Structure formats: structure tokens, C-alpha cells
Amino acid sequence: MADDRSTSASINVAFGTVAAGRMLIAHAVDGVFGNAEVRATGDLSLHPFAHCLHYGSTCFEGLKAHRDSDGVVRIFRIDRHVARMRRTADLVQLPVPPAELLEEMILAAVEQNLAEVPDAPGALYLRPMLLGTDPNIGAAASPSTSALLAVVASPVGDYFAGGVRPLTLLVETEVPRTTPQFGEAKAGANYLMALGITRRARAEHGCDQVLFAPGGQVQETGAANFLLFDEDRVVTRALDSTFLHGVTRDSVLTLARDRGMRVEERDISVEELLAWSGEAALAGTAAVLSGVGTLVRDGVRHTVGDGSVGPVTLALREGLTAIQRGEAEDVHGWTRPVGL
Ligand SMILES: *Cc1c(COP(=O)(O)O)cnc(C)c1O
């Protein structure tokens with residue numbers, strides 16, 4: 001197996017720029033999905049009247065498959081990602097793919113691209129996507145009953161250029177990340193709404209991301225959940241409809257409990273945040289667990305802890321990646337081997 005895979009060459013490219021060779025495609029007609037087929041990754045064909053191109057009827061997922069040192073490839077928490085995509089499809093008024101179909105397509109996307117799964121710390125990033133395809137530009141007020149479901153894949157290394165380094169976040173209390181009805185949806189529209197403010201934060205303050213805290217209560221960033229740590233405690237916002245329920249967040253809270261840490265799921269005010277003496281981190285499939293070193297609020301820079309990626313963040317990150325890579329016992333049954 002060692003000789004037929006392209007590995008380290010893929011790890012140093014920017015996240016998400018390399019497409020694996022094969023993709024899975026299925027179509028829904030009148031809300032009913034047909035069988036999936038394998039294709040070479042390439043252009044999709046859409047009618048220019050397609051609903052998704054005009055009225056934003058699209059959503060996606062993001063999950064990873066990891067290769068261990070023996071060459072075994074495992075998908076991380078596929079069931080959670082499948083369930084979340086079905087939830088999002090429902091929120092954006094698209095036909096909801098059956099769980100079995102979506103799961104089969106994700107597994108097949110890994111099997112079909114097995115040789116392109118990089119060695120750790122790289123991974124094969126899997127991107128299921130769903131597009132409303134009704135060819136009708138008069139359908140602004142009706143949902144698309146036809147849809148294209150695809151699973152594409154990309155060999156990736158670290159999400160943030162520079163690997164494990166402390167991040168700088170702008171704390172934003174006025175501009176919201178998205179609208180209340182789409183808080184839980186993994187939809188491109190949410191990213192677009194966060195993009196303008198994120199670009200400004202980057203240009204004006206050198207920030208990596210924006211931490212949204214509408215009404216002065218911490219929520220999440222544009223693409224990752226937010227957690228605070230001290231030696232024996234994790235504090236993060238309780239699940240509600242305003243933010244994306246991250247699989248990484250859930251996994252980190254579980255690992256923290258396993259280590260005997262206390263988990264507090266509750267509101268965090270901006271005042272508490274800026275006075276926090278422990279660590280802060282972002283959690284997401286792409287970011288894994290990334291330490292936050294600086295918070296910028298009203299133009300003032302606040303150092304978090306000593307400004308470096310802290311020991312609790314590193315230990316929990318290591319605990320998570322060890323399970324993903326098959327180096328630690330998977331006591332919670334989170335990983336699914338592929339192609340065995
Ligand atoms: C995908 C995403 C996350 C992270 O979710 P994971 O399941 O951990 O990858 C967090 N916030 C937003 C807005 C997201 O889109």
C-alpha cells in the first residue's frame with residue numbers, strides 16, 4: 001500500500017485547493033433520490049435557470065478521513081455529519097437525502113480516492129454538497145424539488161497557514177454572523193454574510209477570524225465553535241438555534257469529561273471573555289482545535305493567557321487527533337474504517 005499513494009506532496013498546498021480524482025453524484029427528482037454513481041471529478045452541468053444559482057438553495061458538510069501508520073483509513077463521526085446535513089437540507093428547503101444514501105456516498109468517496117488519503121497530519125477532507133436544480137427562475141417563492149447531491153474530496157494539510165500557531169480574533173457585537181433562522185445551517189449563505197466583516201478584520205487588525213458576540217454574548221466564529229479552558233474546566237455556549245452544532249465541539253467536550261474536567265455549557269459575556277485568565281480555542285473539522293492568542297475589541301488588543309497556544313488546548317487537540325489517527329483507543333466508537 002505504501003507505494004501507490006500520493007502523500008506528503010499534498011500536505012503543503014493551501015487547504016481545499018486540490019481535488020481528489022473521483023466524486024459521487026446522485027440526483028433527486030420530485031424530491032426522490034436515485035442511485036449514486038462514481039465520476040471523475042470535473043465540471044457539473046447545471047441549467048442556467050437552476051434554483052441554487054438564483055435563490056441560494058444549497059448547503060454542504062465537511063468531514064475527514066484519516067490514515068493511520070499502518071495505512072488503515074478511518075472516517076471520523078460520519079453518523080453525526082450525515083444527520084447534520086439532513087437537518088440543514090431541511091432548513092434550506094431542499095429534498096432531504098436518505099441517511100443510507102448519503103452515508104454510502106461518503107464511504108464510496110473515500111474508497112474511490114483511497115490512494116489520495118495523505119499521511120497524518122494530513123487527511124482527506126470530504127465535502128458533501130446539495131444543490132437545488134429546478135430550472136425555473138420564477139420559483140423564488142417555492143422550493144426546488146429536484147436536487148443534485150455530490151460528495152467531492154480533497155487531500156488537505158493544516159487549515160491555518162503556519163500550522164499550530166495562536167490565532168487573533170476580532171470580537172464583534174454589532175454585525176451578526178447570520179440570520180436567526182439559519183444559525184444551525186451549514187449553508188454557503190452564512191459564510192457570505194460573515195465575509196465582509198472578516199475581510200475588514202483581517203485588513204484593519206490582522207485578525208484571522210471574527211468572533212461573533214451579538215448582544216454581548218459570545219456565539220462562534222464564521223467557521224468554528226469557540227471554547228474557553230482553564231486547568232480543570234471547559235466553558236462554551238450551550239447548544240441553541242443561533243449557531244452551528246459542531247462535531248468537533250461535541251468531541252472535545254466528551255474528551256474533556258473523560259479527563260475529569262468540568263464542562264460548563266452556558267452564556268459567556270464579552271466582559272467575562274476579556275477577563276478570562278485561561279485559554280481560548282476554536283473547534284472545527286478544518287481548524288481541529290486551534291488556540292487563540294489575541295482578542296481585538298474596540299481596537300484594543302487583549303492577550304489571552306500568555307498569548308501562546310496553551311497546554312490544555314494542545315492536550316485536547318492531541319487526544320482528539322490520536323483517536324482520529326487510530327493511535328488511541330476509540331472508546332466512543334467515533335471512527336469507521338474504510339475499505340477493510
Ligand atoms: C462547520 C462549522 C463549524 C464546525 O463544525 P464541525 O462539525 O466541528 O466541523 C462551526 N461553525 C460553523 C459556522 C460551521 O460552518
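Since we're looking at a predicted model, the values are computed, not measured. Just so you know, ligand 1 is whichever comes first in the structure, and atom 1 is the first atom listed for that ligand.
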Quiz item: Side-chain heavy atoms under 4.5 angstrom apart, residues restricted to Ile, Leu, Val, Met, Phe, Trp, Tyr: same cluster for Val296 and Val175?
Solution: yes
Practice problem: Identify whether the distance between the nearest side-chain nitrogen and carboxylate oxygen of Glu184 and Arg87 falls below 4.0 Å. | Solution: yes
Quiz item: Counting heavy atoms only, which of Gly222, Gly284, Ala287, Ala185 is nearest atom 4 (C) of ligand 1?
Solution: Gly284
Exercise. Just jot down the ligand 1 atoms closer than 4.0 angstrom to any heavy atom of Arg177, in number order.
Key: 13 (C)
Exercise. Give, for atom CZ of Arg325 and atom CG of Leu320, the distance between the pair rounded to the nearest 0.5 Å.
Key: 9.5 Å
Practice problem: Compute the ring centroids of Phe60 and Tyr191, then answer whether they are less than 6.0 Å apart. | Solution: yes
Practice problem: Using the side chain to side chain contact (heavy atoms under 4.5 Å, CB included) rule, pick out the option among Leu131, Thr88, Leu130 that qualifies with Leu94. | Solution: Leu130
Quiz item: When only distance counts, is Thr221 in polar contact with ligand 1, meaning an N/O pair under 3.5 Å?
Solution: no
Practice problem: Please report which non-hydrogen protein atom sits nearest to atom 3 (C) of ligand 1, along with the residue it belongs to and the distance in Å to one decimal place. | Solution: Ala223 O, 3.4 Å
Quiz item: Which of the numbered atoms in ligand 1 are below 4.0 angstrom from a heavy atom of Gly246?
Solution: 5 (O), 6 (P), 7 (O), 8 (O)
Practice problem: Specify the protein heavy atom at minimum distance from atom 9 (O) of ligand 1: its residue, its atom name, and the distance to 0.1 Å. | Solution: Thr285 OG1, 2.6 Å
Self-check item: Residue portion contacting ligand 1 (non-hydrogen atoms closer than 4.0 Å) for Arg80
Solution: neither
Quiz item: To which protein heavy atom is atom 1 (C) of ligand 1 closest, and what is the distance rounded to 0.1 Å?
Solution: Lys186 NZ, 1.4 Å
Quiz item: Should you measure from each heavy atom of Asn225, which atoms of ligand 1 turn up under 4.0 Å away?
Solution: 10 (C)
Exercise. Establish, from distance only, whether the side-chain atoms of Ser251 and Arg80 form a donor-acceptor pair under 3.5 Å.
Key: no
Practice problem: Check His245 against ligand 1 and report side chain, backbone, both or neither, counting heavy atoms closer than 4.0 Å. | Solution: neither
Quiz item: Can we say Lys186 and Glu61 salt-bridge, meaning some charged N sits less than 4.0 Å from an Asp/Glu carboxylate O?
Solution: no
Practice problem: Would you mind checking which non-hydrogen protein atom is closest to atom 8 (O) of ligand 1, with the distance to 0.1 Å? | Solution: Thr248 OG1, 2.6 Å
Quiz item: Do Leu244 and ligand 1 have an N or O pair less than 3.5 Å apart?
Solution: no
Quiz item: Any N or O on Glu220 sitting closer than 3.5 Å to an N or O of ligand 1?
Solution: yes
Practice problem: Any atoms of ligand 1 less than 4.0 Å from a non-hydrogen atom of Val247? List them with their elements. | Solution: 6 (P), 7 (O), 8 (O)
Quiz item: When you measure from atom 15 (O) of ligand 1 to every protein heavy atom, which one gives the shortest distance, and what is it?
Solution: Tyr191 OH, 2.5 Å
Exercise. Decide, yes or no, whether a salt bridge links Glu220 with Arg177 under the criterion of side-chain N to carboxylate O below 4.0 Å.
Key: yes
Quiz item: In terms of hydrophobic clustering (I, L, V, M, F, W, Y; side-chain heavy atoms under 4.5 Å; direct or indirect links), are Leu211 and Leu228 co-clustered?
Solution: yes
Exercise. Give a yes-or-no answer on whether the side chains of His47 and Asp134 include a donor-acceptor pair shorter than 3.5 Å.
Key: no
